[in-house]
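Every chain is numbered from 1, with letters handed out A, B, ... down the list of sequences.
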Amino acid sequence: MTIRTRFAPSPTGFLHVGGARTALFGWLQARAGQGTFILRIEDTDLERSTPESVQAILDGMAWLGLDYDEGPIFQTQRFERYAQVVQKLLDEDKAYHCFCSKECLQALREQQMKDGDKPRYNGKCRHLEAIPEGIDPVVRFRNPHSGKVVFEDLIRGRISISNDELDDLIIARPDGSPTYNFTVVVDDMDMGITHVIRGDDHINNTPRQINIYRALAAEPPIFAHVPMILGDDGARLSKRHGALGVMQYRDDGYLAPALLNYLVRLGWSHGDQEVFSVDEMVELFDIRDVNRKASAFNTEKLNWLNQHYMKNLPAGEVAEQLAWHFSDQGISTASGPALEDVVGVQAERVKSLKEMAAQSRVFFEAYEAFDPNAAKKHLRPVAAEPLEAVLKNLQLLDDWSPGPLHAVIDRVAAELKVGMGKV
RNA sequence: GCUCCCUUCGUCUAGCGGUCCAGGACGCGGCCCUCUCAAGGCUGAAACACGAGUUCGAUUCUCGUAGGGAGCGCCA
């Protein structure tokens with residue numbers, strides 16, 4: 001069987017680390033089996049979906065190097081297909097129109113909660129003889145009343161829930177637009193998805209989705225529900241509490257391979273190995289080895305990995321990323337040492353590229369100001385002033401020349417009795 | 001409230017009945033190296049949530065308890 005996986009975010013914000021890890025797992029599973037990885041944008045919520053979010057997701061995935069073979073496929077472009085399937089279910093009496101008002105359903109829910117029951121639709125419109133006038137109905141899926149749904153989750157193991165816990169969910173709104181639990185099924189079915197790898201907040205939706213597959217006479221895919229990621233403090237990682245978009249990590253000076261490595265080790269391991277190249281991940285990863293419990297994001301460890309990659313990746317590769325930070329910080333690197341050399345000297349002193357650029361600023365300014373060929377005559381007053389004092393104090397000014405960078409760094413640092421972070 | 005799910009050092013994890021008075025990594029402490037800061041080497045403290053049961057033997061299997069999470073939308 002050729003593996004087909006997909007990542008299906010809804011474009012209502014940036015790509016955060018939790019989503020990125022889910023995408024990574026799906027991507028790895030596909031790459032490992034020479035399968036296909038598909039990107040699908042779940043934008044059926046017209047209210048909250050934005051083109052900016054779509055772009056943010058695309059940017060995030062591109063930065064991480066998670067390339068997809070098919071897509072992006074937008075659900076909003078498949079409304080015709082959904083309508084067709086809804087009609088089919090209606091024709092086969094596997095779905096029905098429901099005329100209950102939102103208010104009525106709300107009242108029902110409250111009553112059930114009050115009685116200590118699990119709120120669910122009571123099936124009032126299941127067998128309606130008279131069709132009420134003047135109401136645009138929703139369409140509900142006729143869920144089986146008896147029996148239970150059992151499935152083998154690749155990560156959680158066997159999960160079973162009895163059908164009487166489930167109610168008849170709405171698959172189409174009065175205006176005909178489809179709802180999530182229905183579109184996922186139709187899409188995954190149409191796209192031939194073999195492994196559905198998604199966040200474990202979807203576990204509870206899975207049984208009802210399986211019922212829809214059955215109604216459609218389709219074989220359900222294999223499911224793998226990955227646990228969520230908690231914040232540094234162990235609390236839920238939410239947008240307003242520490243959740244950052246992956247591009248923020250780029251801006252903060254992290255290398256994509258470091259973030260990827262960190263993310264893959266969060267909830268997954270291969271013996272005692274900590275460092276994985278992308279190729280190794282592809283070779284060793286198996287979704288079945290993913291842990292069940294939620295894990296807390298640990299920035300300290302990410303920092304360690306980031307530095308590891310700054311030191312061990314080919315300097316040229318790191319320099320490319322570093323260049324972005326120099327320009328981001330408005331530092332001219334026109335004159336001065338080669339960026340590869342900066343990486344070579346600075347990598348073991350800082351935790352991020354952003355820091356590396358910031359701390360190298362003084363040297364680039366020095367090079368510019370003390371250019372032996374031209375700058376001797378016109379020291380740039382503003383930038384050169386404090387630096388000049390430092391160098392004079394170090395008696396470096398006389399013999400200054402763009403020599404070995406690390407010697408200068410070491411002498412400046414020694415004089416100031418601090419790490420370069422303070423310079 | 002109801003249903004489903006989770007539980008090894010502070011954190012990420014190894015462990016798939018005896019090899020575990022529980023191993024690795026980040027972080028933290030100490031020592032060494034060193035003109036500073038790092039980096040590097042060595043080293044130390046630090047965990048099987050609790051209670052029953054199964055078993056000759058449980059971190060590992062079963063069941064409870066406690067704690068945590070998710071879902072219960074005409075959101076995805």
Side-chain angles (χ1 to χ4, degrees), chain A residues 8-12 41-49 75 98 100-102 105-106 109 112-121 136-140 153 155-157 159-162 164-167 169-181 183-184 198-208 225 227-230 232-236 262-275 291-305 307-308 311 345-351 359 409-423:
Chain A
S10 61
T12 54
I41 305 292
E42 310 222 321
D43 56 351
T44 54
D45 185 349
L46 279 6
E47 302 280 302
R48 297 193 297 162
S49 301
Q75 291 191 318
C98 170
C100 296
S101 68
K102 279 185 179 180
L105 294 172
Q106 181 61 33
R109 254 195 297 276
Q112 286 167 325
M113 290 278 255
K114 221 175 86 188
D115 296 345
D117 281 333
K118 179 177 180 174
R120 65 259 245 206
Y121 179 62
D136 283 331
V138 298
V139 178
R140 283 186 187 273
D153 190 285
I155 294 171
R156 317 307 264 254
I159 292 174
S160 97
I161 184 163
S162 91
D164 55 28
E165 290 297 334
L166 276 21
D167 61 0
L169 81 168
I170 292 170
I171 58 176
R173 306 183 181 98
D175 66 358
S177 64
T179 59
Y180 169 74
N181 279 295
T183 57
V184 216
R198 66 196 349 176
D200 68 1
D201 47 331
H202 289 292
I203 284 188
N204 292 292
N205 289 327
T206 306
R208 53 193 358 162
H225 289 95
M228 60 180 222
I229 296 179
L230 272 23
D232 263 319
D233 55 0
R236 182 168 173 40
Y262 179 71
L263 254 20
V264 83
R265 275 289 284 110
L266 205 54
W268 176 82
S269 63
H270 182 258
D272 287 339
Q273 189 170 345
E274 294 290 347
V275 177
N291 279 172
R292 293 197 246 261
K293 78 166 181 194
S295 35
F297 194 92
N298 185 218
T299 305
E300 293 292 345
K301 189 160 182 179
L302 206 213
N303 288 341
W304 174 75
L305 273 169
Q307 184 173 48
H308 174 88
K311 289 192 299 181
V345 171
Q346 295 279 64
E348 59 186 36
R349 295 169 190 280
V350 297
K351 298 290 189 210
Q359 294 188 18
I409 290 172
D410 287 351
R411 291 181 65 174
V412 171
E415 179 63 24
L416 298 180
K417 300 273 190 288
V418 291
M420 290 313 299
K422 306 281 168 48
V423 176

If the P atom of C12(B) is compared with that of U19(B), how far apart are they to the nearest Å? 26 Å
Can you tell me if the side-chain N/O atoms of K351(A) get under 4.0 Å from OP1 or OP2 in A39(B)? yes
Nucleotide nearest K118(A) when distance is taken to its side chain, options C72(B), A76(B), G24(B): C72(B)
Of C12(B), A70(B), C4(B), the nucleotide closest to the side chain of I159(A) is C4(B)
If you compare every side-chain N and O of T179(A) against the phosphate oxygens of C74(B) (OP1, OP2), does one of them come in below 4.0 Å? no
Set of side-chain hydrogen bond (donor to acceptor under 3.5 Å, both in side chains) partners for T179(A), sequence neighbours left out: none
Quantified in whole Å, what is the C1' atom distance between nucleotide U11(B) and nucleotide C50(B)? 23 Å
Below 3.5 Å between N/O atoms, which protein atoms pair up with nucleotides 40-49 of chain B? Just atom names and distances, please.
from   : atom 1 : to      : atom 2 : distance (Å)
G40(B) : OP1    : K311(A) : NZ     : 3.3

Please determine if a side-chain N or O atom of R120(A) lies less than 4.0 Å away from the OP1 or OP2 oxygen of C72(B). no
Do we see a donor-acceptor contact under 3.5 Å between the side chains of S295(A) and R265(A)? no
N/O (side chain, S295(A)) to phosphate O (OP1/OP2, U13(B)) under 4.0 Å: yes
D43(A): what forms a salt bridge (charged side-chain N to carboxylate O under 4.0 Å, His left out) with it, not counting sequence neighbours? none
Look at the side chain of E348(A) and decide which nucleotide, out of A39(B), C6(B), A76(B), has an atom nearest to it. A39(B)
Pick base, sugar-phosphate or nothing for E300(A), based on heavy-atom distances below 4.0 Å to the nucleic acid. sugar-phosphate
For D201(A), answer base if it contacts any base atom (sugar-phosphate contacts may also be present), sugar-phosphate if it contacts only those atoms, and nothing otherwise; contact means non-hydrogen atoms under 4.0 Å. sugar-phosphate
Dump every N/O contact between nucleotides 14-16 of chain B and the protein below 3.5 Å, one line per pair.
from   : atom 1 : to      : atom 2 : distance (Å)
A14(B) : OP1    : S269(A) : OG     : 3.1

Strictly under 3.5 Å: I want the nitrogen or oxygen pairs between protein and nucleotides 60-64 of chain B, one per line.
none

Tell me, please, which residues at least two apart from H202(A) pass ring pair (Phe, Tyr, Trp, His ring centres under 6.0 Å). Y180(A)
Applying a 4.0 Å non-hydrogen cut-off, can you work out what S162(A) is touching in the nucleic acid: base, sugar-phosphate, or nothing? nothing
